Amino acid sequence: GRWGRVIYITVNCGEIHSKDEFFSALDGITPPYFGKNLDALHDVLTEMSGVILVKNFGELEKNLPCYAGCIKKVLCDSARENRSLRVTIE
């Protein structure tokens, strides 16, 4: 990936109540200039190597009902496009 290392990150959706909190939970994998939107997230994810574990996704669906599906699509699409990325959603 872009950063030359494999990244392992767990995102606990039970603690996320806003879009900003979701993107803040990804601070460990995003560069300082990250645009905090789904297009920018897709760009980062398709260029990295690593494993992302998303826990308590049902809580995100409750807290951000209109946005959770979009997040899931970007995570899954990115993993499908990037063989060096594994995403698990629980």
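This is a predicted model, so every value here is computed, not measured.
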Mind checking the [atom1]-[atom2] spacing from [X] to [Y]? Nearest 0.5 Å is all I need.
| X | Y | atom1 | atom2 | answer |
| --- | --- | --- | --- | --- |
| I71 | K19 | CD1 | NZ | 8.5 Å |
| D43 | L38 | CG | CG | 11.0 Å |
| I9 | L53 | CD1 | CG | 10.0 Å |
| S78 | I52 | OG | CD1 | 8.0 Å |
| F22 | L64 | CZ | CG | 9.5 Å |

Q | Where at least one partner belongs to residues 22-33, residue pairs that pass salt bridge (Lys or Arg N to Asp or Glu O under 4.0 Å), sequence neighbours excluded | A | none

Q: Keeping to residues at least two apart or across chains, list the salt bridge (Lys or Arg N to Asp or Glu O under 4.0 Å) pairs with something in residues 59-70.
A: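 Counting only pairs at least two positions apart or across chains, the salt bridge (Lys or Arg N to Asp or Glu O under 4.0 Å) contacts touching residues 59-70 are E59-K62.
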
Q. Below 6.0 angstrom between ring centroids: does that apply to F23 and F34?
A.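 Ring centroids of F23 and F34 are less than 6.0 Å from each other.
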
Kindly indicate whether the side chain of [X], heavy atoms from C-beta on, has any atom under 4.5 Å from the side chain of [Y].
| X | Y | result |
| --- | --- | --- |
| S49 | L85 | no |
| L75 | L45 | yes |
| F57 | E90 | no |

Q | For K73, all residues meeting salt bridge (charged side-chain N to carboxylate O under 4.0 Å, His left out), sequence neighbours excluded | A | D77

Q. Can you name the salt bridge (charged side-chain N to carboxylate O under 4.0 Å, His left out) partners of K36, sequence neighbours left out?
A. D20

Extract all donor-acceptor atom pairs below 3.5 Å that involve side chains of residues 10-18 and protein atoms in other chains or at least two apart in sequence.
unit_1: N12; atom_1: OD1; unit_2: G14; atom_2: N; d: 2.9
unit_1: N12; atom_1: OD1; unit_2: N56; atom_2: ND2; d: 2.6
unit_1: N12; atom_1: ND2; unit_2: E15; atom_2: OE2; d: 3.4
unit_1: S18; atom_1: OG; unit_2: E21; atom_2: N; d: 3.1

Q: Apply side chain to side chain donor-acceptor pair (under 3.5 Å) to N82 and list each qualifying residue two or more places apart in sequence or on a separate chain.
A: none

